S.K.: 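Please see the structure below; I have some questions.
Along the sequence shown, residues carry numbers from 1. Everything numeric in this text was worked out from a predicted model, so none of it was measured.
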Amino acid sequence: MEKEKIKDLYFDKIVEINDYNKAYYNQDNPIISDYKYDRLKIEILNLEKKYKFLKSKLSPTKTVGYKVSGKFKKIKHKIPMLSLSNAFSENDIVDFLKKVRNFLKLNNDYKMDIIAEPKVDGISASLHYVNGQLKLGLSRGDGITGEDITLNLKTIRNIPVRLKSLKFPENIEIRGEVYISKKDFKNISNKFANPRNAAGGSLRQKDPLKTKKIPLQFIAYGLGFVKEKSFKTQSEYLEQLKKWGFKVSQRVNVFTNIKDIMKNYIKLENKRSEIEYDVDGIVYKINDLNFQKRLGYISNSPRWAIAHKFSSTKGISKILKIEIQVGRTGALTPVAKLQPVNVGGVIISNATLHNEDEIIRKDVRKGDVVTIQRAGDVIPQVISVDISKRSSGSKKFIFPYKCPSCYSKVVKEFNSNTKKKDAITRCPDPNYSCQAILKEKLKHFASKDALNIEGLGKKVIDNFWSNKLIKYPYDIFNLDLNILKKFDGWGEKSIINLKNSINKSKKISLVRFIFSLGIRHIGQENAKVLTKHFLSVQQFFETCRKLNINDQNYLDELQSIDGIGTSQIDSLKKFFSNKQNLIVVSNLINLLDVENYKSPSKKTPLSGKLIMFTGGFEHKSRSELKSLAENLGAKIVSNISKKTNCLIVGSQKPTIKKINEAKKLNVKILYEKDWNKIIN
Ligand code: AMP
């Protein structure tokens with residue numbers, strides 16, 4: 001063929017593919033099938049390969065058909081994108097099912113359907129379709145707020161820009177996992193540690209052209225918000241997703257008993273290597289969507305699902321030394337520093353040895369050859385020692401009796417629940433002055449679930465700390481960042497970015513604020529409970545600081561909060577009895593804009609009311625009734641006081657003492673039937 005004719009043919013195809021791109025990317029209206037599109041693309045690429053003189057800016061090797069995106073916009077998820085609780089054994093699954101059944105108050109003979117889906121090890125994303133058109137694509141972000149990565153997601157060929165089939169809800173959010181198949185990963189494995197990193201890295205590229213170069217795929221499995229749905233179960237939803245043009249996993253099954261669940265687990269784990277993408281476990285979900293709605297959420301994960309992780313990947317290495325790390329709560333953790341070893345695609349050079357008892361039990365020593373294992377995001381651990389490879393001069397490891405940081409005598413606390421000494425050795429840090437603990441607290445304060453200060457990660461904090469720039473959380477806000485110009489690796493841009501993220505972090509919810517203080521026993525769940533009770537940072541601070549003046553009223557108030565027990569109260573008391581902690585908290589209150597808690601539900605007759613439950617209930621479990629009341633704005637208390645608005649009495653074994661107390665204090669008493677009428 002003569003040159004001009006070849007050029008004509010080539011440019012015709014280029015024009016044609018760009019029309020399709022325009023329809024697909026800019027008008028959300030694909031006018032050609034994926035198969036035909038790919039054929040056309042291959043034809044163009046073949047022509048370019050054969051005739052080197054063919055070149056076009058519009059070639060599919062150079063364009064994705066739309067503009068490069070700027071910085072990602074942050075957008076709040078309509079329904080949070082949470083993580084999943086993990087199960088590692090059959091017992092964990094049995095426990096999970098028991099809790100679900102109890103919550104839903106199901107009869108023993110009720111056969112509850114559990115759907116088992118492979119847990120795709122990729123990056124989750126959410127897709128919003130309005131009238132069947134893909135309008136917005138978000139990353140999970142911190143679970144509450146995601147990033148607008150619509151353009152990048154649109155480069156993934158198996159994400160439909162328009163839902164196929166005619167029937168779809170007017171408004172629906174479809175969730176799933178972006179991943180790279182194992183086969184495709186082979187071609188880029190020199191650039192990334194594993195397929196998950198590759199997927200994450202390319203999905204967040206500022207330039208969708210770069211995203212497009214990585215062969216990403218999408219598998220759908222989840223539902224966010226939806227306006228009027230026609231499906232009642234997760235399995236019906238998955239069928240619907242297929243009809244709309246999504247890829248869904250083929251290895252999905254519904255079970256009603258633990259035996260079949262475990263059989264499937266073993267089968268899938270054995271077949272793991274045959275699956276085209278990385279799978280790190282199985283997700284079990286309660287199939288009935290109405291049950292899912294009733295079960296709702298706990299702090300970070302749904303009550304209606306759990307991830308059953310596959311057993312971990314193992315490796316062998318040598319212990320170079322054993323280090324003792326002091327954590328935020330004073331726990332002394334022995335860590336094996338290892339000769340770096342590749343375990344399942346990740347280079348491991350540290351592994352936890354847990355505690356002194358574990359070291360004694362396994363007789364782990366410096367210089368030992370050990371087997372280590374890594375499971376998902378869990379910290380790698382040393383599981384056994386190969387004694388045959390031990391050198392004759394090796395010495396037993398002696399656990400320190402003093403904190404390696406502040407030299408206080410370490411302690412093992414007595415656990416009043418187990419009536420035994422704790423396995424964990426702690427630095428008691430009597431004056432809240434242990435430097436290692438202070439540093440770890442700073443890391444916790446800036447971390448993702450607390451202030452979420454981007455750019456102030458663990459290594460940066462180590463660096464600032466050793467240069468004596470920061471000591472207490474409030475120092476972060478008073479720091480003159482221009483000083484960083486003298487530091488290696490800090491340019492104008494990174495300083496501005498850090499300034500911005502520090503400023504941004506100043507507006508913070510009360511839950512995050514309480515959690516960020518790093519008070520022992522006050523994790524995310526308890527921070528939430530305290531937030532719902534106190535509503536404002538001032539209330540929280542005023543009550544907690546008065547715990548030490550021995551006024552029974554303040555103690556009573558905390559004791560009445562459902563979910564807060566002796567260990568939490570003791571810990572709050574101890575924390576707020578320290579002068580330096582009081583300075584930290586009051587400075588932070590002045591520097592930050594801590595938002596008051598607003599009940600998510602609209603104003604209801606139960607808003608702000610203090611409700612207490614006693615006894616078992618006939619139709620719904622006590623847990624479900626509590627969660628319903630909370631959703632309607634009530635606060636659940638566990639002790640009767642004058643302030644309690646109402647005691648709800650179940651027909652099964654209510655505590656008579658509580659009823660009498662309520663009568664004495666003139667607290668309104670309602671029985672199950674009346675209560676059901678109110679909440680219905
Ligand atoms: P993790 O990040 O380990 O807490 O696991 C939770 C994540 O698993 C979710 O956020 C999803 O991104 C992912 N995931 C993968 N496959 C599924 C599935 N079939 N159902 C629900 N979540 C899944």
Side-chain angles (χ1 to χ4, degrees), residues 82-122 124 165 167-169 172-177 179 218-224 226 229-272 274-277 279-297 301-310 621 624:
L82 301 174
S83 135
L84 290 168
S85 353
N86 286 330
F88 295 97
S89 65
E90 181 171 345
N91 274 349
D92 294 344
I93 305 297
V94 170
D95 250 19
F96 162 73
L97 295 177
K98 213 184 306 151
K99 277 191 193 144
V100 167
R101 297 188 80 94
N102 286 343
F103 189 97
L104 295 171
K105 217 168 164 42
L106 298 178
N107 284 334
N108 284 345
D109 48 0
Y110 182 87
K111 282 202 177 351
M112 181 171 62
D113 283 347
I114 313 294
I115 184 163
E117 302 169 8
K119 185 170 181 299
V120 189
D121 194 10
S124 49
S165 101
K167 270 180 28 200
F168 42 73
I172 183 166
E173 180 200 349
I174 291 161
R175 292 176 177 179
E177 207 80 357
Y179 70 93
F218 183 80
I219 203 156
Y221 53 70
L223 180 63
V226 59
K229 58 184 189 308
S230 58
F231 36 90
K232 291 198 171 77
T233 61
Q234 168 77 2
S235 24
E236 282 172 23
Y237 174 55
L238 292 179
E239 283 309 309
Q240 191 57 68
L241 283 170
K242 276 193 228 166
K243 288 187 194 140
W244 288 333
F246 286 97
K247 175 174 182 151
V248 300
S249 174
Q250 291 169 344
R251 294 164 200 265
V252 173
N253 291 293
V254 175
F255 302 108
T256 53
N257 66 67
I258 186 75
K259 242 196 198 162
D260 293 339
I261 287 178
M262 287 311 293
K263 254 199 231 157
N264 176 63
Y265 176 80
I266 294 164
K267 191 169 134 198
L268 199 70
E269 183 163 34
N270 289 335
K271 289 229 157 100
R272 196 173 166 184
E274 293 167 26
I275 304 177
E276 52 146 334
Y277 42 81
V279 169
D280 62 339
I282 301 183
V283 183
Y284 304 121
K285 300 174 185 168
I286 307 304
N287 201 25
D288 184 324
L289 296 179
N290 191 35
F291 278 168
Q292 288 190 10
K293 194 169 164 218
R294 282 176 57 191
L295 284 157
Y297 297 84
S301 50
R303 260 199 209 95
W304 43 265
I306 196 160
H308 193 181
K309 294 283 178 108
F310 285 146
S621 70
E624 185 172 4

S.K.: What orientation do Phe246 and Phe218 show, parallel under 30°, tilted 30 to 60°, or perpendicular over 60°?
M.R.: tilted

S.K.: Rounded to the nearest 0.5 Å, how far does CD of Glu236 lie from CD1 of Ile115?
M.R.: 10.0 Å

S.K.: Heavy atoms only: give me the nearest Leu238-Ala220 pair and the separation to one decimal.
M.R.: CD2-O, 4.1 Å

S.K.: With Arg294, which residues qualify under salt bridge (Lys or Arg N to Asp or Glu O under 4.0 Å), at least two apart?
M.R.: Glu624

S.K.: Are Gln234 and Glu117 linked by a side-chain donor-acceptor pair shorter than 3.5 Å?
M.R.: yes

S.K.: Could you tell me whether the side chain of Lys232 reaches within less than 4.5 Å of the side chain of Leu289, counting heavy atoms only?
M.R.: no

S.K.: Which atom pair, heavy atoms only, marks the closest approach of Leu295 to Phe103?
M.R.: CD2-CD2, 3.6 Å

S.K.: Are the side chains of Lys309 and Asp280 in contact, using a 4.5 Å heavy-atom criterion?
M.R.: yes

S.K.: Among residues two or more places apart or on two chains, list those pairs meeting salt bridge (charged side-chain N to carboxylate O under 4.0 Å, His left out) that have a residue in residues 245-259.
M.R.: Lys247-Glu276

S.K.: Among residues at least two apart in sequence or on other chains, which ones pass salt bridge (Lys or Arg N to Asp or Glu O under 4.0 Å) with Glu90?
M.R.: none

S.K.: Sequence neighbours left out, what passes side-chain hydrogen bond (donor to acceptor under 3.5 Å, both in side chains) with Asp121? Give chain and number order.
M.R.: Arg196

S.K.: Measure the CD1-OG1 distance between Ile261 and Thr256 for me, rounded to the nearest 0.5 Å.
M.R.: 8.0 Å

S.K.: According to the interplanar angle, ranging from 0 to 90°, do the rings of Tyr237 and Phe231 count as parallel (below 30°), tilted (30 to 60°) or perpendicular (above 60°)?
M.R.: tilted

S.K.: Looking only at atom types and distance, does a side-chain atom of Asn264 sit under 3.5 Å from a main-chain N or O of Asp260, one as donor and one as acceptor?
M.R.: no

S.K.: Just verifying a value: how many Å separate Asp113 CG and Thr233 OG1, rounded to the nearest 0.5 Å?
M.R.: 8.0 Å

S.K.: Do Phe291 and Leu106 have side chains that approach each other closer than 4.5 Å (heavy atoms only, starting at C-beta)?
M.R.: yes

S.K.: Judged by atom type as modelled, is there a donor-acceptor pair below 3.5 Å linking the side chain of Arg101 to the main-chain atoms of Asn107?
M.R.: yes

S.K.: Only one of Leu97, Val254, Asn287, Ile306 passes side-chain contact (heavy atoms from CB on, under 4.5 Å) with Ile114; say which it is.
M.R.: Leu97

S.K.: Within a strict 4.5 Å, meaning less than it, do heavy atoms of the Met262 and His308 side chains meet?
M.R.: yes

S.K.: Show the nearest heavy-atom pair for residues Ser301 and Ser85, with the distance to one decimal.
M.R.: OG-OG, 3.3 Å

S.K.: Not counting sequence neighbours, which residues clear salt bridge (Lys or Arg N to Asp or Glu O under 4.0 Å) with Glu177? List them please.
M.R.: none

S.K.: Evaluate the side-chain proximity of Tyr221 to Ser124: yes if any heavy-atom separation is below 4.5 Å, no if none is.
M.R.: yes

S.K.: With sequence neighbours excluded, what pairs up with Asp95 under the side-chain hydrogen bond (donor to acceptor under 3.5 Å, both in side chains) test?
M.R.: none

S.K.: Could you pull out the closest heavy-atom pair between Ser230 and Gln240, with the gap in Å?
M.R.: OG-OE1, 4.3 Å

S.K.: So Leu84 and Pro302, do their side chains get closer than 4.5 Å, heavy atoms only?
M.R.: yes

S.K.: Would you check if Leu223 and Ile172 make a side-chain contact, meaning some heavy-atom pair closer than 4.5 Å?
M.R.: yes

S.K.: Is it the case that the side chain of Asp288 and the backbone of Asn290 share a donor-acceptor pair, with hydrogens and angles ignored and the cut-off at 3.5 Å?
M.R.: yes

S.K.: What residue among Val283, Ile275, Ile219, Val120 forms side-chain contact (heavy atoms from CB on, under 4.5 Å) with Ser249?
M.R.: Ile219

S.K.: How long is the span from the CD1 atom in Ile258 to the NZ atom in Lys98, to the nearest 0.5 Å?
M.R.: 11.5 Å

S.K.: Under a 4.5 Å cut-off applied to non-hydrogen side-chain atoms, are Val252 and Ser235 in contact?
M.R.: no

S.K.: About how many Å separate CG of Asn253 and OH of Tyr284, when rounded to the nearest 0.5 Å?
M.R.: 10.5 Å

S.K.: Kindly say whether Lys167 contributes a backbone atom to a donor-acceptor pair with the side chain of Trp244 at under 3.5 angstrom?
M.R.: yes

S.K.: ring-ring contact (aromatic ring centres under 6.0 Å, His included) with Tyr265: which of Phe88, Phe310, Phe255?
M.R.: Phe310

